[in-house]
S.K.: 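Encoded as structure tokens, here's the structure I'll be asking about.
What's counted below: heavy atoms across the whole structure, side chains too, no hydrogens, waters or symmetry copies.
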Amino acid sequence: MGFYTVSLDPSRVDAPVGGIMAGNGILEVTDSNFDQDVLKSETPVLVDFWATWCGPCRAIAPIVEELAKDYQGRVKVGKMDVDNNSATPMRYGVRGIPTLLVFKGGQVKEQIVGYVPKETIQKAIDKHLG
């Protein structure tokens with residue numbers, strides 16, 4: 001068995017300005033890039049506040065990934081790990097996870113707490129498109 005060291009050259013990673021893609025078109029949102037990537041976004045943004053230890057967060061993750069594909073180009077979808085980023089969840093009163101917030105024009109327009117079906121999240125997003 002061998003050991004391998006992997007090093008990423010940041011200049012070769014395809015990522016949007018100011019953020020790292022968490023995969024499947026999902027933006028990794030942090031305290032440091034939140035204002036730029038979420039509040040100043042030209043399009044609505046769905047932010048999933050989650051943690052690795054959270055069972056319901058893991059259960060809703062595939063739905064969030066599907067929504068990122070379904071709304072590609074119309075809505076930004078981001079995930080924020082609350083264990084690594086505490087300022088933003090505190091700023092928006094996130095007390096339970098998963099919490100999904102829909103932002104438009106720098107303002108929270110919708111808040112969904114806990115596991116919900118895909119249709120519930122779609123309705124919340126659809127209200128702010130157009």
S.K.: Give a yes or no on whether a salt bridge exists between R91 and D35, defined as a side-chain N under 4.0 angstrom from a carboxylate O.
M.R.: yes
S.K.: What is the minimum heavy-atom distance between C57 and F49, and which atoms define it?
M.R.: SG-O, 4.5 Å
S.K.: Compare all side-chain heavy atoms of I60 with those of I121 and state whether any distance is below 4.5 angstrom.
M.R.: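 Yes; the side chains approach each other to less than 4.5 Å.
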S.K.: Less than 4.5 Å apart, side chain to side chain, heavy atoms only: is that true for V102 and V45?
M.R.: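 No - every pair of side-chain heavy atoms lies 4.5 Å or more apart.
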S.K.: Could you measure the distance from the NZ atom of K76 to the CG atom of D37? Nearest 0.5 Å is fine.
M.R.: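 If we round to the nearest 0.5 Å, K76:NZ and D37:CG are 5.0 Å apart.
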S.K.: Quick one: are P44 and I125 in side-chain contact, heavy atoms under 4.5 Å?
M.R.: no
S.K.: Ion pair present between E28 and K79, side-chain N to carboxylate O less than 4.0 angstrom?
M.R.: no
S.K.: Output, in order, the C-alpha distance, side-chain angles, deciding distance and verdict of side-chain contact (heavy atoms from CB on, under 4.5 Å) for V77 and L27.
M.R.: CA-CA 6 Å; V77 176; L27 184 68; over 6 Å; no
S.K.: Got a donor-acceptor contact below 3.5 angstrom from the R74 side chain to the L129 backbone?
M.R.: no
S.K.: Go through L39 and Q107 one step at a time and tell me if the side-chain contact (heavy atoms from CB on, under 4.5 Å) criterion holds.
M.R.: CA-CA 7 Å; L39 299 184; Q107 301 292 315; over 6 Å; no
S.K.: W53 and R58: which non-hydrogen atoms are nearest, and at how many Å?
M.R.: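 So the minimum-distance heavy-atom pair works out to C-NH1, 3.6 Å.
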S.K.: State, to 0.1 Å, how close K109 and K104 come at their nearest heavy-atom pair, and which atoms those are.
M.R.: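 That closest heavy-atom pairing would be CE-O, 3.6 Å.
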S.K.: Which heavy atom of A51 sits nearest a heavy atom of D81, and at what distance?
M.R.: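 Taking every non-hydrogen atom into account, CA-OD1, 4.2 Å.
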S.K.: Return the minimal non-hydrogen interatomic distance between P98 and D48, and the atom names on each side.
M.R.: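 Distance-wise, the nearest heavy atoms are CB-OD1, 4.0 Å.
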S.K.: Let's go through T99 and W50 carefully: what are the C-alpha distance in whole Å and the side-chain angles of both, what is the deciding distance for side-chain contact (heavy atoms from CB on, under 4.5 Å) to 0.1 Å, and is it a yes or a no?
M.R.: CA-CA 7 Å; T99 291; W50 69 287; over 6 Å; no
S.K.: Counting only heavy atoms not in K123, do more than 12 sit closer than 6.0 Å to its NZ atom?
M.R.: no
S.K.: Anything under 30° is parallel, anything over 60° is perpendicular, the rest tilted; go ahead and classify Y92 against F103.
M.R.: perpendicular
S.K.: Short question: side chain of N85, backbone of M80 - any donor-acceptor pair under 3.5 Å?
M.R.: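 No: the side chain of N85 does not pair with the backbone of M80.
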S.K.: Would you mind reporting whether L100 and Q111 have side-chain heavy atoms less than 4.5 Å apart?
M.R.: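 Of all side-chain heavy-atom pairs linking L100 with Q111, none is under 4.5 Å.
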